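Only a predicted model underlies this, so the values are computations on that prediction, with no experimental measurement involved. Whatever order the structure lists them in is the order used to number ligands and atoms, beginning at 1.
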Amino acid sequence: MMNNINEWSHVFKLDPNKELTIDHLERLCESGTDAVIVGGTDGVTLDNTLELLVQVRRYPITVALEVSNMDSITPGFDYYLIPTVLNSRNPNWIIGQHHQAMKEYGELIDWDTFIPEGYCVLNPNAKVAELTDATTDLSVEDVTAYARLAENMLHLPFFYIEYSGQKGSVDVVKEAKAALSSTKLIYGGGIETAEEAKQYAQYADVTVVGNAIYTNFKEAIKTVKAVKGGAS
Ligand SMILES: CC(C)=CCC/C(C)=C/CC/C(C)=C/CC/C(C)=C/CC/C(C)=C/CC/C(C)=C/CC/C(C)=C/COP(=O)(O)OP(=O)(O)O
Ligand SMILES: O=P(O)(O)OC[C@@H](O)CO
Ligand SMILES: [Mg+2]
């Protein structure tokens with residue numbers, strides 16, 4: 001069981017608002033991936049989050065909740081990933097809801113499990129881009145500048161290049177990686193095959209596979225071996 005988040009290289013992102021068979025969940029948890037992230041943009045509730053947590057907890061795998069709303073936070077996860085959308089036009093998604101959450105829960109937080117992620121949302125058609133009113137028409141230089149801000153100004157442990165639902169530019173990932181030294185780079189978006197996963201994993205520290213779990217499970221599982229090598 002890979003409990004050290006700093007050593008992750010491949011993770012699956014499971015959406016509590018989507019259905020997965022018990023057989024697929026078992027194969028996914030036993031695939032050799034480093035962790036399961038539970039998260040999604042919409043339809044994430046306390047009920048469906050808890051239901052998924054209980055199912056995943058049957059397997060010895062690290063499980064993190066990527067917080068998308070306050071109502072679905074529950075104890076029991078190994079990590080709480082806290083997105084801040086750096087290229088949102090709305091401060092609510094950058095720091096506003098976080099401030100409110102700190103006011104309410106600040107004293108209860110176990111900081112060892114609290115992992116901030118600086119998101120750069122780049123697919124204009126993704127729900128997350130619409131929700132957060134993200135400026136997605138960015139150049140390689142723009143994204144690299146966000147990466148530098150994440151590391152050197154905000155001291156975030158993770159910078160997340162998010163193309164959810166679409167394959168992103170490998171060049172953007174490459175240049176962002178070149179600008180980072182201690183902040184780790186997460187890439188997610190549109191990965192459907194082992195070959196695609198390999199392309200992004202050349203540069204990303206952590207490669208995320210989400211939607212393909214629900215659209216082409218067999219190929220999605222092959223991305224583990226593509227990124228991590230060895231048997232999967
Ligand atoms: C008792 C206990 C365990 C306490 C825990 C304490 C704790 C951890 C408190 C949290 C404090 C805190 C600072 C919370 C933040 C609150 C908050 C709601 C912040 C906003 C987060 C944010 C910017 C959300 C925007 C959406 C987003 C970036 C979601 C991430 C996931 C994502 C991009 C999924 C992709 O979407 P998907 O559904 O796959 O999309 P498609 O349909 O297109 O595929
Ligand atoms: O669902 P996909 O497109 O694989 O994207 C993965 C992840 O980055 C979504 O937050
Ligand atoms: Mg998704």
Side-chain angles (χ1 to χ4, degrees), residues 10-18 33 36-46 48-50 53 63-134 136 156 158-168 173 185-193 196-197 200 204 206-217 219-220 223 227:
H10 178 284
V11 298
F12 283 119
K13 191 180 284 192
L14 291 181
D15 190 333
N17 196 29
K18 290 183 181 163
T33 187
V36 165
I37 295 177
V38 171
T41 302
D42 60 353
V44 179
T45 65
L46 181 60
N48 59 25
T49 300
L50 269 171
L53 172 65
V63 54
L65 177 66
E66 189 168 56
V67 174
S68 54
N69 65 69
M70 283 307 296
D71 298 340
S72 52
I73 298 183
T74 174
F77 285 89
D78 298 309
Y79 293 108
Y80 295 85
L81 308 179
I82 313 294
T84 168
V85 180
L86 301 176
N87 61 326
S88 170
R89 294 184 186 87
N90 182 345
N92 209 20
W93 300 105
I94 306 171
I95 205 68
Q97 295 196 67
H98 315 70
H99 175 245
Q100 195 54 39
M102 285 302 161
K103 257 173 97 175
E104 286 176 38
Y105 302 103
E107 285 181 22
L108 302 175
I109 296 175
D110 170 0
W111 300 107
D112 291 337
T113 66
F114 182 92
I115 315 289
E117 307 169 297
Y119 260 76
C120 189
V121 170
L122 292 168
N123 174 6
N125 302 316
K127 281 181 281 186
V128 63
E130 194 187 340
L131 175 75
T132 64
D133 194 15
T136 53
L156 294 169
F158 291 97
F159 178 66
Y160 196 135
I161 296 185
E162 171 66 289
Y163 278 93
S164 181
Q166 178 193 313
K167 271 184 281 298
V173 181
L185 180 61
I186 305 178
Y187 172 81
I191 295 175
E192 288 175 321
T193 66
E196 289 164 3
Y200 295 104
V206 185
T207 301
V208 182
V209 176
N211 290 346
I213 301 161
Y214 302 94
T215 56
N216 192 342
F217 184 80
E219 283 301 314
T223 63
V227 171

Would you mind writing out the side-chain donor-acceptor pairs for residues 125-134 within the sub-3.5 Å range, not counting sequence neighbours?
| unit_1 | atom_1 | unit_2 | atom_2 | d |
| --- | --- | --- | --- | --- |
| Lys127 | NZ | Asp42 | OD1 | 2.9 |
| Lys127 | NZ | Asp42 | OD2 | 3.4 |
| Thr132 | OG1 | Val128 | O | 2.7 |
| Asp133 | OD1 | Arg89 | NH1 | 2.8 |

Query raised in the report: Do ligand 2 and Ile191 have nitrogen or oxygen atoms that lie under 3.5 Å from each other?
Result: no
Report task. Any chance you could measure Glu162, atom CD, to Thr136, atom OG1, to the nearest 0.5 Å? Result -> 12.5 Å
Query raised in the report: For ligand 2, which atoms have a heavy atom of Gly188 less than 4.0 angstrom away?
Result: 5 (O), 8 (O)
Report task. Run the contact test for Val67 against ligand 1 with a 4.0 Å cut-off on heavy atoms, strictly below, and give the result. Result -> yes
Query raised in the report: If you measure from CG on Asn92 to CD on Gln100, what distance do you get to the nearest 0.5 Å?
Result: 9.5 Å
Query raised in the report: Among His98, Met70, Glu162, which one has a heavy atom closest to atom 20 (C) of ligand 1?
Result: His98
Report task. Kindly confirm or rule out an N or O of Lys127 lying under 3.5 angstrom from an N or O of ligand 1. Result -> yes
Report summary line: A student comparing Tyr160, Tyr119, Tyr214, Phe12 should find that the heavy atom closest to atom 8 (O) of ligand 2 comes from Tyr160
Query raised in the report: Just heavy atoms, cut-off under 4.0 Å: does Thr41 contact ligand 1 by side chain, backbone, both, or neither?
Result: both
Query raised in the report: If you measure from NZ on Lys103 to NE2 on His98, what distance do you get to the nearest 0.5 Å?
Result: 15.5 Å
Query raised in the report: Is the closest side-chain heavy-atom distance between Pro16 and Val38 below 4.5 Å?
Result: yes
**Report entry** N or O pair under 3.5 Å between Thr132 and ligand 1
**Finding:** no
Report task. Could you establish whether Tyr163 and ligand 2 come within less than 4.0 Å of each other, counting only heavy atoms on the residue side? Result -> no
Requested in this report: Report yes or no: does Ser68 contribute a side-chain atom to a donor-acceptor pair with the main-chain N or O of Gly40 at less than 3.5 Å?
Outcome: yes
Query raised in the report: Can you list the atoms of ligand 2 that are under 4.0 Å from a heavy atom of Gly190?
Result: 2 (P), 3 (O), 4 (O)
Query raised in the report: Taking the side chain as C-beta and beyond, is there a heavy-atom pair between Thr84 and Ile95 under 4.5 Å?
Result: no
Query raised in the report: Which one holds for Ile73 and ligand 1: side chain close, backbone close, both close, or neither close, with close meaning a heavy atom under 4.0 Å?
Result: side chain
Requested in this report: Could you tell me whether Asp110 approaches ligand 1 through its side chain, its backbone, both or neither, with non-hydrogen atoms closer than 4.0 Å?
Outcome: neither
Query raised in the report: So do Leu86 and Cys120 actually touch side chain to side chain, heavy atoms under 4.5 Å?
Result: no
Report summary line: The atoms of ligand 2 lying under 4.0 Å from a heavy atom of Lys13, numbered in the order shown, are 7 (C), 9 (C), 10 (O)
Query - Sub-4.0 Å atoms of ligand 2 with respect to non-hydrogen atoms of Asn211 - result: 1 (O), 2 (P), 3 (O), 4 (O)
Query raised in the report: Is Asp78 reaching over with its side chain to a backbone N or O of Ala64, donor-acceptor style, under 3.5 angstrom?
Result: no
**Report entry** Polar side-chain atom of Tyr80 near backbone of Ile109 as donor-acceptor pair, under 3.5 Å
**Finding:** no
Query raised in the report: Is Ala212 near ligand 2, meaning one of its heavy atoms is under 4.0 Å from it?
Result: no
Report summary line: Here the atoms of ligand 1 under 4.0 Å from any heavy atom belonging to Ala101 are 11 (C), 12 (C), 13 (C), 14 (C)
Report summary line: Going by the 4.0 angstrom heavy-atom rule, the piece of Asp15 near ligand 1 is side chain
Report task. Taking only heavy atoms of Glu162 into account, list the atoms of ligand 2 that are under 4.0 Å away from them. Result -> 7 (C), 8 (O), 9 (C), 10 (O)
Requested in this report: Working to the nearest 0.5 Å, report the span between CD1 of Ile37 and CD1 of Ile186.
Outcome: 6.0 Å
Query raised in the report: Relative to the heavy atoms of Gly40, which atoms of ligand 1 are at a distance of less than 4.0 Å?
Result: 34 (C), 38 (O)
Report task. Please examine the side chains of Val209 and Tyr200, heavy atoms only from C-beta on, and report whether any two atoms are closer than 4.5 Å. Result -> no
Query raised in the report: Which value, rounded to the nearest 0.5 Å, describes the distance between Asn48 atom CG and Asp15 atom CG?
Result: 8.0 Å
Requested in this report: Could you see which bit of Tyr80 sits under 4.0 Å from ligand 1, with heavy atoms only: side chain, backbone, both or neither?
Outcome: side chain
Query raised in the report: Would you say Tyr105 touches ligand 1, if touching means a heavy atom closer than 4.0 Å?
Result: no
Requested in this report: Check Phe77 against ligand 1 and report side chain, backbone, both or neither, counting heavy atoms closer than 4.0 Å.
Outcome: neither
Requested in this report: Using heavy-atom distances, let me know which of Pro116, Ser72, Ser88, Pro75 sits nearest atom 1 (C) of ligand 1.
Outcome: Pro75
Report summary line: So the atoms of ligand 2 within less than 4.0 Å of a heavy atom of Gly165 turn out to be 2 (P), 3 (O)
Query raised in the report: More than 12 non-hydrogen atoms from neighbouring residues, nucleotides or ligands closer than 6.0 Å to CZ on Phe114, yes or no?
Result: yes
Requested in this report: Decide whether the shortest distance between a heavy atom of Gly210 and an atom of ligand 1 is less than 4.0 Å.
Outcome: no
Query - Atoms in ligand 1 with a heavy atom of Asn211 nearer than 4.0 Å - result: 44 (O)
Report task. Nearest 0.5 Å please: distance from the CG atom of Leu65 over to the OG1 atom of Thr113. Result -> 10.5 Å
Report summary line: Counting from 1 in the order shown, the ligand 1 atoms closer than 4.0 Å to a non-hydrogen atom of Trp93 are 22 (C), 23 (C), 24 (C), 25 (C)
Query raised in the report: What part of Gln100, side chain from CB on, backbone N/CA/C/O, both or neither, has a heavy atom under 4.0 Å from ligand 1?
Result: neither
Query raised in the report: Under 30°, 30 to 60°, or over 60°: which ring-plane class applies to Tyr160 and Tyr119, parallel, tilted or perpendicular?
Result: parallel
Report summary line: One finds that the ligand 1 atoms under 4.0 Å from a non-hydrogen atom of Ile82 are 10 (C), 13 (C), 15 (C)
Query raised in the report: Are the side chains of Val67 and Ile82 in touch, meaning some heavy atoms are under 4.5 Å apart?
Result: yes
